[in-house]
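Given the structure is predicted, the values throughout are model-derived calculations rather than measurements.
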Amino acid sequence: VPWRYPGLGGGALWSTLNRCTVTDNRAAEGGGGAFESLLNNCTIDNNSPGSDGAFYSCTVNNNQGGISGIADNCLVTGNRGASEGTFYNCTVVGNESGITGTAFNSILYYNSGGNYAGRTTLNYCCTSPRPINGVGNITGPPSFTDMPAGDFRLSGASPCIDAGTNLVGLPMEGWKFVNDLEDWGWGVVGHVTVPSDILGNTRLIDGNGDGVVGLDIGAYEFDPETTQLVDIPDVGLLAAIRTALGKPAGDITVADMRSL
């Protein structure tokens, strides 16, 4: 959704977007990328100012402002402004400011202007300093796979693995038509049934190997099978597997074999 310049909602206004890229939009009064909209599996990039609405499994990066509303399974990084609202299983890192509002199961770290405002309530979050309100919070650091390269998946050493709380049954809110007159308003659009991460992978994994299924903190769920290597001594079989995987070099993991 490129290059629009209205007063509100430079890229989208009172809209529902699925698997869209909202980029390079401007708005004079608010919602540079989107305003009062519902976005699913979208990328919101390089808009000014920030965006407003409900964001599910979205990547929000390099905007002249954060997001406001509700965010679930989102990566919020590289934005020049704070974000405000309610955050579930989000990774908010590397922004000029962190968040204000409420967060569950979220990583709030490495934000230069502070990770959260004083009036923020955090539960089962990884952040610093440790908040004085909320429960289940840890101070990290979160230990990403390769943060300089933009890979915010958890490494096997992350304290965020299995450190979250189960959000099944959580009411998911957003913008919708609220009556027969088709008025656009805020309300419950559904509930979490089977928890999944920003990539659509299940969160029902025993990530730390203690025999108990637990949910991770942050937008990405750690799967230990992605780090468990497979030894294939038969050279011919190994070559055939590499061809099938499209992986001519490098380690082959249990997750690779499961994908065949």
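- Remark: N18 pairs with T16, N40 by the side chain to side chain contact (heavy atoms under 4.5 Å, CB included) rule, at least two apart or across chains.
- One finds the OG1 atom of T21 at 9.0 Å from the CD1 atom of I44 (value rounded to the nearest 0.5 Å).
- G31 and A27 get closest at one heavy-atom pair: O-CB, 3.8 Å.
- Residue pairs meeting the side chain to side chain donor-acceptor pair (under 3.5 Å) criterion with at least one partner in residues 68-80, sequence neighbours excluded, are D52-S68, N63-N79, Q64-R80, N73-R203, N79-N95.
- Separating the CG atom in N208 from the SG atom in C160 is a distance of 12.0 Å, to the nearest 0.5 Å.
- Side chain of S57 to backbone of N41: no donor-acceptor contact under 3.5 angstrom is found.
- Side-chain atoms of S106 come within 3.5 Å of backbone N or O of C90 as a donor-acceptor pair.
- Applying the side chain to side chain donor-acceptor pair (under 3.5 Å) test to pairs two or more places apart or on separate chains, those with a residue in residues 237-248 are K247-D256.
- Here the closest heavy-atom approach between residue N137 and residue G134 is recorded as ND2-C, 3.9 Å.
- Put simply, the side chain of I161 does not reach to within 4.5 Å of the side chain of P159, judged on heavy atoms.
- Applying the side chain to side chain donor-acceptor pair (under 3.5 Å) rule to pairs touching residues 113-134 yields N111-N115, sequence neighbours excluded.
- Contact check for I217 versus C126: side-chain heavy atoms found under the 4.5 Å cut-off.
- Considering only residues two or more places apart in sequence or on other chains, T102 meets the side chain to side chain donor-acceptor pair (under 3.5 Å) condition with none of them.
- The closest side-chain heavy-atom distance from V93 to V76 is not below 4.5 Å.
- Residues meeting the side chain to side chain donor-acceptor pair (under 3.5 Å) test with D197, sequence neighbours left out: none.
- Residue I70 holds its CD1 atom at 10.0 Å from CD1 of I67, rounded to the nearest 0.5 Å.
- Between L167 and N105, the closest side-chain pair of non-hydrogen atoms falls below 4.5 Å.
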Please test T202 against D223 for side chain to side chain contact (heavy atoms under 4.5 Å, CB included), starting from the C-alpha separation and ending with a verdict. CA-CA 9 Å; T202 180; D223 185 348; over 6 Å; no
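- A donor-acceptor pair under 3.5 Å is formed between the side chain of D206 and the backbone N or O of D210.
- Side chain of E221 to main chain of D216: a donor-acceptor pair is present (N/O by atom type, distance under 3.5 Å, no hydrogens or angles).
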Determine, step by step, whether D162 and V212 satisfy the side chain to side chain contact (heavy atoms under 4.5 Å, CB included) criterion, reporting the C-alpha distance in whole Å, the side-chain angles of both residues, the deciding distance to 0.1 Å, and the verdict. CA-CA 9 Å; D162 287 4; V212 179; over 6 Å; no
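- Sorted by first and then second residue, the ring-ring contact (aromatic ring centres under 6.0 Å, His included) pairs involving residues 130-171 (not counting sequence neighbours) are F144-F152.
- Under the side chain to side chain contact (heavy atoms under 4.5 Å, CB included) criterion, I132 pairs with no residue at all, not counting sequence neighbours.
- Not counting sequence neighbours, the partners of D45 by the side chain to side chain contact (heavy atoms under 4.5 Å, CB included) test are T23, T43, N61, N62.
- Connection of L17 to V60 is established within a shared hydrophobic cluster, with ILVMFWY side chains joined at heavy-atom distances below 4.5 Å, either directly or through further cluster members.
- N46 pairs by the side chain to side chain donor-acceptor pair (under 3.5 Å) definition with D24, not counting sequence neighbours.
- With hydrogens and angles disregarded, no donor-acceptor distance shorter than 3.5 Å links the side chain of S48 to the backbone of R26.
- Under the ring-ring contact (aromatic ring centres under 6.0 Å, His included) criterion, the residue pairs touching residues 36-89 are Y88-F104, with sequence neighbours excluded.
- Annotation: side chain of L260 is in contact with side chain of L245 (closest heavy-atom distance under 4.5 Å).
- For the atom pair CD1 of I107 and OH of Y220, the computed distance is 10.0 Å after rounding to the nearest 0.5 Å.
- In this structure a side-chain-to-backbone donor-acceptor pair under 3.5 Å is missing from Y110 to V92.
- Side-chain contact between I205 and V213 is absent, with no heavy atoms from C-beta onward closer than 4.5 Å.
- Side-chain contact between Y109 and P141 is present, with at least one heavy-atom pair separated by less than 4.5 Å.
- Atom CG of D151 is separated from atom OG1 of T145 by 4.5 Å, given to the nearest 0.5 angstrom.
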Dump the intermediate steps for side chain to side chain contact (heavy atoms under 4.5 Å, CB included) on I252 and I241, then the final yes or no. CA-CA 9 Å; I252 294 177; I241 290 173; 4.1 Å; yes
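- With sequence neighbours excluded, the residues that form a side chain to side chain donor-acceptor pair (under 3.5 Å) with S143 are S155.
- Put simply, the side chain of T91 never gets that close to the backbone of L75: no donor and acceptor are under 3.5 Å apart.
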